[in-house]
Amino acid sequence: MASDKKIAQKGSKPKARLPRGFRDRFGAEIAAERRLVDIIRGVYESYGFEPLQTPTFEYTDALGKFLPDVDRPNEGVFSLRDDDEQWLSLRYDLTAPLARYVAENFQHLPKPFRRYQTGLVYRNEKPGPGRFREFTQFDADTVGSNSPAADAELLMMVCDALEALGLNRGEYIVKINNRKLLDGVLEAVGVPSDDKERRGIILRAIDKMDRLGLGGVRQLLGPGRTDESGDRTKGAELTETQINQVMLFVAPEGYLPKNFDPLLRIGSAVGPSAIGTLGLNEVRGIRDILQAAGYGEDQVQVDTSIIRGLDYYTGPVFEAQLTFKVKNDEGQEVVFGSVAGGGRYDDLVARFTGQQVPATGISIGVSRLLTALQQRDLHSETPLIVVLSMGDVGWSFSVAKELREKLKDPISGKLLVRAEAYVGGAKKKLQDQLKYADKRGAVLVVFAGDDERANGNVTIKDLKRGAELSKSVESRADYLGARNAQATVSRNDLVAKIKEKLGLR
RNA sequence: GUGAGUGUAGUUCAGUCGGUUAGAACGCCAGAUUGUGGUUCUGGAGGUCGUGGGUUCGAUUCCCACUACUCACCCCA
């Protein structure tokens, strides 16, 4: 058929395209993420956490039990069949592989076992703006301790890491809550804790507080909610009195007088419930340790509206939020929200061993955090210098080599600049070389031409300053005459002059 | 998964009440400038109007399906 032929011809050349929900990363973005990861790693290692790497694939059944929706067990993960017919899946987080690792190596590991891990994880979900099917997480977990000390330590580490990244006090806040408190409230309200379905609905409803507001949450707790597209979300069918009690517990900001100790308020909402009291004690335990260790309310706060959707959390839950405004792609200011989350999951390892092992962890969303930090210029790229050649290319390489060798931090030995010689031989007009340097984002350019070489000189041009100066230039004549952002210096003074220009010691 | 909206140049968007060669801005390339990016001026390249089908003498325009994206909702380990 003619149409088939057309399709076949069309299909003979594959279209260069990216699978949806995935992205390419390049250059400065990679450098920035690497730097961020290095800083977090430094903090975590300083606490004595050990690195762990696990493969990106796991047997599906090792992950599968965590799938919350039993009706769609393979939804959300990328899976494939191995040649021995067994199902493999790409990891969707770093917690499930940890549970598998601990279960497999249980007797060899020190307890508590404290490890950190960073890497790519995969989710086979509908991608959206800022949501991808492949992204980086940075986790720290402690397995084998039920002490609030383990939870408190993770929170301290996250605070330290955020501050090591350059955030000031007040620019972030780590919030803590406890699932047992909510269980206590539900018990006090008269919803039995084994009513898993209703409990789930209530959890998810409270989690939507920031988006739907008080009214929306109340609807979801009661009869349910119909959105503007006519889609109906089932509610928890609580009575008005029950809803009021739950809302009192959740108590969004502004509901109660400021400076009212949240623990007192929570205590009254939980009432005499045993599980609620347990939760209260856990929260208090974590808070006391943090305070004694010098972490204050300006860093970690109790907030009962923090829920986190995951079903597997059994007690404390954590969430780190940024408090400053961040601009989105359209330049509008938005509150960025959560950059890290976690909690205690005491039942995870038991799936493999049958033996209950307490565990707690926190995960930093590296990509999200990076997006936010980039706007604050917390990532300064290592300056790039391009050496241009007019004549002997070999000489320009010797200049670039000298820059690489001599512009190093005297203590750490880290490179202070990146220096490259121009290698685009076919187009060697100076104009092209400068355009290239400009496009590369070079800070400085060094002219290593025959004229300079003959006189034992070299010319340094400041591209950034040149661009500034050109803004005030009106006529073409002025523009052509403007050569004031550059200077010819003796080759012997090259390194010293560049240090001076870049403000290096 | 549900509902709505949008797909026109590399990008952001005009436009066609169905009619010959589909436009702008920015970006890109070249020249003015044989040792100067960034300013300015001149010129140029670049589009199966998302894909497939239908209606029609004729479809980028109207209709249907598909697909991608955006928004809201469900879900999000």
Side-chain angles (χ1 to χ4, degrees), chain A residues 3-4 6-7 10 15 17-21 63-73 75-77 89 91-97 99 121-129 131-133 137 200-201 204-205 207-208 211-212 216 220 224-234 308-313 329-330 341-343 345 348 363 386 388-391 422 427-442 444-445 447-452 459 461-486 488:
Chain A
S3 61
D4 285 350
K6 214 192 257 172
I7 290 165
K10 216 182 220 171
K15 198 174 164 193
R17 66 205 180 110
L18 209 51
R20 66 198 191 98
L63 305 172
K65 275 254 176 99
F66 299 115
L67 295 169
D69 189 343
V70 281
D71 297 332
R72 298 183 294 176
E75 194 97 348
V77 299
S89 294
R91 64 187 179 198
Y92 52 77
D93 70 5
L94 300 175
T95 308
V121 299
Y122 300 83
R123 298 197 184 171
N124 191 3
E125 291 170 352
K126 195 166 74 177
R131 292 195 58 180
F132 300 96
R133 294 157 93 195
Q137 283 194 336
I201 292 171
R204 285 193 294 271
D207 199 32
K208 280 171 196 146
R211 217 168 57 238
L212 299 179
L220 285 174
R225 180 171 172 276
T226 307
D227 70 44
E228 59 223 52
S229 74
D231 213 28
R232 175 137 195 96
T233 310
K234 208 179 148 203
R308 304 205 58 79
L310 286 167
D311 263 352
Y312 70 52
Y313 290 129
D329 291 345
E330 268 91 52
Y345 49 93
L348 228 52
S363 172
V386 179
L388 313 183
S389 77
M390 283 75 69
Y422 181 76
K427 282 183 168 187
K428 48 184 173 166
K429 284 200 316 196
L430 189 53
Q431 271 189 78
D432 294 317
Q433 301 196 33
L434 274 159
K435 272 187 183 170
Y436 167 80
D438 190 43
K439 203 163 268 181
R440 291 276 286 119
L444 297 178
V445 137
F447 292 64
D450 287 346
D451 293 357
E452 281 85 357
T459 300
K461 177 164 183 139
D462 185 332
L463 291 187
K464 292 267 183 310
R465 206 164 126 234
E468 300 265 313
L469 290 171
S470 75
K471 277 178 193 158
S472 59
V473 169
E474 303 266 311
S475 74
R476 237 188 84 64
D478 285 352
Y479 170 70
L480 289 175
R483 292 281 182 273
N484 40 6
Q486 65 186 69
T488 300

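All chains are named by letter (A, B, ...) in the order of the sequence lines, taking the proteins before the strands, and each is independently numbered beginning at 1. These numbers come from the heavy atoms of this one structure, side chains and all, not from hydrogens, waters or symmetry mates.
Spacing between B/rC28 and B/rC66 at atom P, rounded to whole Å, works out to 41 Å. Taking the P atom of each, B/rU55 and B/rU48 are spaced 26 Å apart, rounded to whole Å. As rounded to the nearest Å, B/rC26 and B/rU21 have P atoms that lie 28 Å from one another. Comparing the same atom, C1', in B/rA14 and in B/rG31 gives a spacing of 30 Å after rounding to whole Å. Nucleotides B/rC57 and B/rG43 are separated by 45 Å at their P atoms, to the nearest Å. Atom name P, nucleotides B/rA59 and B/rG52: the rounded distance is 14 Å, in whole Å. Taking atom C1' on both B/rC13 and B/rU70, the two are 16 Å apart, rounded to the nearest angstrom. The separation of B/rA30 from B/rC71, taken at their P atoms, amounts to 38 Å, rounded to a whole angstrom.
Atom CD in A/Glu468 sits about 13 Å away from atom P in B/rU39, given to the nearest Å. Per the geometry, CG belonging to A/Asp432 stands 13 Å off C1' belonging to B/rG31, to the nearest Å. Atoms CG (A/Leu434) and C1' (B/rG35) sit 9 Å apart, rounded to a whole Å. Look at OH on A/Tyr422: it is 13 Å from P on B/rG37, rounded to the nearest Å. Nucleotide B/rU39 holds its C1' atom 12 Å from the CG atom of A/Leu469, rounded to whole Å. Between A/Asp451 atom CG and B/rG35 atom P there is a gap of 9 Å when expressed in whole angstrom units. Here B/rU36 presents its C1' atom at 5 Å from CG of A/Leu430, a figure rounded to the nearest Å. If you take CZ of A/Arg131 and P of B/rC73, they are 13 Å apart, rounded to a whole angstrom.
Regarding contacts with the backbone of B/rU36, every side-chain N or O of A/Gln431 stays at 4.0 angstrom or more from both OP1 and OP2. At the phosphate of B/rG31, OP1 or OP2 sits under 4.0 Å from a side-chain N or O atom of A/Lys429.
With contacts defined as side-chain heavy-atom distances shorter than 4.5 Å, the pair A/Thr233/A/Ile201 does not qualify. Side-chain contact between A/Thr488 and A/Phe447 is absent, with no heavy-atom pair separated by less than 4.5 Å. Using a 4.5 Å heavy-atom cutoff, the side chains of A/Met390 and A/Asp451 are not in contact. Looking at heavy atoms from C-beta onward, A/Arg133 lies in side-chain contact with A/Asn124 at the 4.5 angstrom threshold.
Considering only side-chain atoms of A/Lys208, the nucleotide from B/rC75, B/rU39, B/rG35 that sits closest is B/rC75. Closest contact between the side chain of A/Phe447 and the listed nucleotides B/rG35, B/rU39, B/rG37 involves B/rG35. Nearest to the side-chain atoms of A/Lys435 among the listed nucleotides B/rU39, B/rA30, B/rC74 stands B/rA30. The side chain of A/Arg20 lies closest to B/rA68 when the candidates are B/rA68, B/rC76, B/rG35. For A/Thr233, the side-chain atoms get nearest to B/rC74 when compared with the rest of B/rC28, B/rC74, B/rG31. The side chain of A/Arg204 approaches B/rC76 more closely than any other nucleotide in the set B/rC76, B/rA68, B/rC74. Considering only side-chain atoms of A/Lys126, the nucleotide from B/rG37, B/rC74, B/rG1 that sits closest is B/rG1.
Of all heavy-atom pairs between A/Asp93 and A/Arg123, the closest is CB-NH2, 4.1 Å. The shortest heavy-atom contact between A/Asp450 and A/Gly391 is OD2-CA, 3.4 Å.
Both key distances under 3.5 Å define a Watson-Crick or G-U pair, and stretches of 3 or more such consecutive pairs in RNA chain B run B:1-7 with B:67-73, B:10-13 with B:23-26, B:28-32 with B:40-44, B:50-54 with B:62-66.
Counted within 6.0 Å of NZ on A/Lys234, heavy atoms from surrounding residues, nucleotides or ligands total 12 or fewer; the atom is thus considered open.
With sequence neighbours excluded, no residue forms a side-chain hydrogen bond (donor to acceptor under 3.5 Å, both in side chains) with A/Arg20.
In this structure, A/Asp93 and A/Gly449 both approach RNA chain B, and ranking their closest nucleotides by distance from the 5' end singles out A/Gly449.
Base engagement by A/Glu452 is indicated by at least one non-hydrogen atom pair under 4.0 Å involving a base atom.
The NZ atom of A/Lys464 lies 8.0 Å from the CG atom of A/Asp438; values are rounded to the nearest 0.5 Å.
Not a single donor-acceptor contact under 3.5 angstrom links the side-chain atoms of A/Gln433 to the base of B/rU36.
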